[in-house]
Amino acid sequence: MDDEEGWLAHEALDFHEWKAVEELAYKAPTQFVVSANLSAGATILTRLVAWRIVETGPPSQADRARGHEIGYALSKLGWRLKQRGRYPPKKKGAR
């Protein structure tokens, strides 16, 4: 948990990463959505999974019937990041 706090305190996302986080928060608040239904590419999703912002899981039954095997959703860290915002909070006294 301590490394998550440090990550949230210092790291910022680029535009494409943040757009993927917002899209997942909107499209998949309670279920896993397949990448075909997202505008984020495989590179961005792989990066967010590696950072533990996004987790993988089984997609819906309908998506599995269409041949999709992996679904994506925000992890607990991803939801905390969504609450925090794209950029870390500014330190007091910094311009």
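Since the model is a prediction, treat every value here as computed from it, not as a measurement.
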_Flag if over 12 foreign heavy atoms under 6.0 Å of NZ, Lys27_ = yes
*Evaluate the criterion side chain to side chain contact (heavy atoms under 4.5 Å, CB included) for residue pair Gln31 and Asp63; output intermediate values, then yes/no.*
CA-CA 12 Å; Gln31 63 185 12; Asp63 287 327; over 6 Å; no
*asked:* Quick check: do Val21 and Trp79 have side-chain heavy atoms less than 4.5 Å from each other?
replied: no
*Do you see a donor-acceptor pair shorter than 3.5 Å between the side chains of Ser39 and Glu23?*
yes
*State, with a plain yes or no, whether a side-chain heavy atom of Ser75 is found less than 4.5 Å away from one of Val54.*
no
*Below 4.5 Å, heavy atoms only, C-beta onward: do Trp51 and Glu17 meet side chain to side chain?*
yes
*asked:* Given 3.5 Å as the limit, does a donor-acceptor pair link the side chain of Thr56 with the main chain of Tyr72, or not?
replied: no
*asked:* Within the supplied structure, the quantity of interest is the number of heavy atoms (other residues, nucleotides, ligands) at a distance under 6.0 Å from His16 NE2; does it exceed 12?
replied: no
*How about Arg80 and Gln83: does a side-chain donor come under 3.5 Å of a side-chain acceptor?*
no
_Ignoring hydrogens and geometry beyond distance, is a side-chain donor-acceptor pair present between Glu22 and Trp18 at under 3.5 Å?_
yes
_Side chain proximity check, Arg52 to Asp3, heavy atoms < 4.5 angstrom_ = yes
*Could you check Ile70, Val34, Asn37 and say which one makes a side-chain contact (heavy atoms from CB on, under 4.5 Å) with Pro59?*
Val34
*salt bridge (charged side-chain N to carboxylate O under 4.0 Å, His left out) assessment of Asp14 paired with Lys19*: CA-CA 9 Å; Asp14 71 16; Lys19 184 178 174 185; over 6 Å; no
